[in-house]
Asker: 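Encoded as structure tokens, here's the structure I'll be asking about.
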Amino acid sequence: MDKLELIKYDLYAQDLRRIKHIEGVAESAIEIKNRHFPFITDETALCAAYMHDFTKEYSKEQHFAIFERYGIELDDCEARTEKLWHAKSAYALAKYVYALDDEICTAVLYHTTGRAAMQPLEKVIYLADYIEKTRTFVDCVDVRDTYAMLCEKRDKNALDSAILYSLDLTITDLLESRRMIHKNTFEARNHLLKEGIE
Ligand SMILES: [Fe+2]
Ligand SMILES: [Fe+2]
């Protein structure tokens, strides 16, 4: 069994509440990488897509057992923000259990917060996660439509502009609901602005 088959086998053996979302991310990731980064292989994009929410349904105990076992440290914001745990625990499994390439591991690690100077596969998974077809949240639909419009206009910055827009909406949503905002999310946004993305 190759690594992709093994990941899918282990994923489908779990609680499958999020499987439609994960399959949606896999489909979007292929579309996005074919459009912007055709050098990324299907297998690489699919490994990242199937891993990204691998631990999403894990309990607090399961997440922290993984952090302890693999020496994963949490900063203050991460420790206090439950939604950020799954990216770090899935990263640990991607790296140490499935021994996936670094580009896949970091795409999993930064899929929720983004970060400054995101790498091609990180951008693909970040946007695919936000706009995949089963997402019905108004902000997701808005970014999906904006990205489609930019691609149609052959805007050379379609991917970065869509990511910048999703970061704006995420930050606004976190502000309005008085939740903590991870510094990686600010740095991701600032980096794109510095590059002249609109
Ligand atoms: Fe996630
Ligand atoms: Fe996700």
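Side chains are part of it too, since the values below use all heavy atoms of this structure and drop only hydrogens, waters and symmetry mates. In listed order, ligands and their atoms are each counted from 1. Given the structure is predicted, the values throughout are model-derived calculations rather than measurements.
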Asker: Once rounded to 10°, what is the value of the angle centred on the Fe ion (ligand 2) between His52 NE2 and Asp129 OD1?
Answerer: 90°
Asker: Using only N, O or S atoms, tell me which atom of His21 is closest to the Fe ion (ligand 2).
Answerer: NE2
Asker: List the steps, then state whether side chain to side chain contact (heavy atoms under 4.5 Å, CB included) holds for Leu109 with Lys95.
Answerer: CA-CA 10 Å; Leu109 181 59; Lys95 188 173 168 79; over 6 Å; no
Asker: Should the pair Lys60 and Phe64 be classed as cation-pi, given the thresholds of under 6.0 Å to the six-membered ring centre and 45° from the axis?
Answerer: yes
Asker: Suppose we only count N/O/S atoms under 2.8 Å; would Asp53 qualify as near the Fe ion (ligand 1)?
Answerer: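 Coordinating: yes.
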Asker: Under a 4.5 Å cut-off applied to non-hydrogen side-chain atoms, are Tyr126 and Lys123 in contact?
Answerer: no
Asker: Distance check below 2.8 Å: does His111 bring an N, O or S atom to the Fe ion (ligand 2)?
Answerer: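 His111 does not place any N, O or S atom closer than 2.8 Å to the Fe ion (ligand 2).
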Asker: Looking at the Fe ion (ligand 2), is there an N, O or S atom belonging to Glu132 that lies under 2.8 Å away from it?
Answerer: no
Asker: The test is side chain to side chain contact (heavy atoms under 4.5 Å, CB included); show your working for Glu187 and Thr113 and say whether it passes.
Answerer: CA-CA 10 Å; Glu187 287 174 3; Thr113 59; over 6 Å; no
Asker: Calculate, to the nearest 0.5 Å, the distance between atoms CE and CG belonging to Met118 and Asp160 respectively.
Answerer: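 Spacing of CE (Met118) from CG (Asp160) equals 9.5 Å.
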